[in-house]
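We use all heavy atoms of the structure for the numbers below, so side chains are in, but hydrogens, waters and symmetry mates are not.
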Amino acid sequence: MLIPFEALQQLPPDTLNNLIKEYLFTQVEDGSFGQLNDDQIQLAIEKCKQSLKQGELKVEYSEGDESIAIRHKDQIIYPTADFD
C-alpha cells in the first residue's frame, strides 16, 4: 500500500525525518553517509522530502511483514488485474 504525501505531512516531524534517514542510510553502501555533518544530513532530508512531494519517491507499507520503506517510484511493483 502506498502512503500519500499528504498523509506523511500529518506525522510528527521527527518520525518522518527518521524514516527518511533510514532510507538515506540504505542508499550509501560504503558508510560515507556517517561522515556527513548535521547540515549536510539536513540538506539530504530536505531533498528527499521534495522528491516525496514530487512523487519521485514513494512510501510503501507492506501489510505482509508490517514494514514501511521509501522506494523510488520505478521500484514499486503495482498489482495487475487478471482478466482471464
CD (Gln54) with more than 12 external heavy atoms under 6.0 Å: yes
Quick check: are there more than 12 heavy atoms from other residues, nucleotides or ligands sitting under 6.0 Å from CG of Asp74? yes
Supply the atom-to-atom distance [X] [atom1] to [Y] [atom2], rounded to the nearest 0.5 angstrom.
X	Y	atom1	atom2	value
Leu52	Leu19	CG	CG	8.0 Å
Ile41	Asn17	CD1	CG	11.0 Å
Leu8	Ile20	CG	CD1	8.0 Å
Asp14	Lys21	CG	NZ	8.0 Å
Gln9	Lys49	CD	NZ	9.5 Å
Met1	Glu63	CE	CD	4.5 Å

Check whether any side-chain heavy atom of Leu57 lies under 4.5 Å from a side-chain heavy atom of His72, and answer yes or no. yes
Does any non-hydrogen side-chain atom of Lys58 lie less than 4.5 Å from one of Arg71? no
Going hydrophobic residue to hydrophobic residue with side-chain gaps under 4.5 angstrom, can you get from Phe5 over to Ile68? yes
Please say yes or no: joined through hydrophobic side-chain contacts below 4.5 Å, possibly via intermediate residues, are Leu43 and Leu16 part of one cluster? no
Give a yes-or-no answer on whether the side chains of Asn18 and Thr15 include a donor-acceptor pair shorter than 3.5 Å. no
Residues Gln42 and Glu46: side-chain donor-acceptor under 3.5 angstrom: yes
If you take all heavy atoms of Tyr23 and Ile70, which pair is closest and at what distance? CD1-O, 3.3 Å
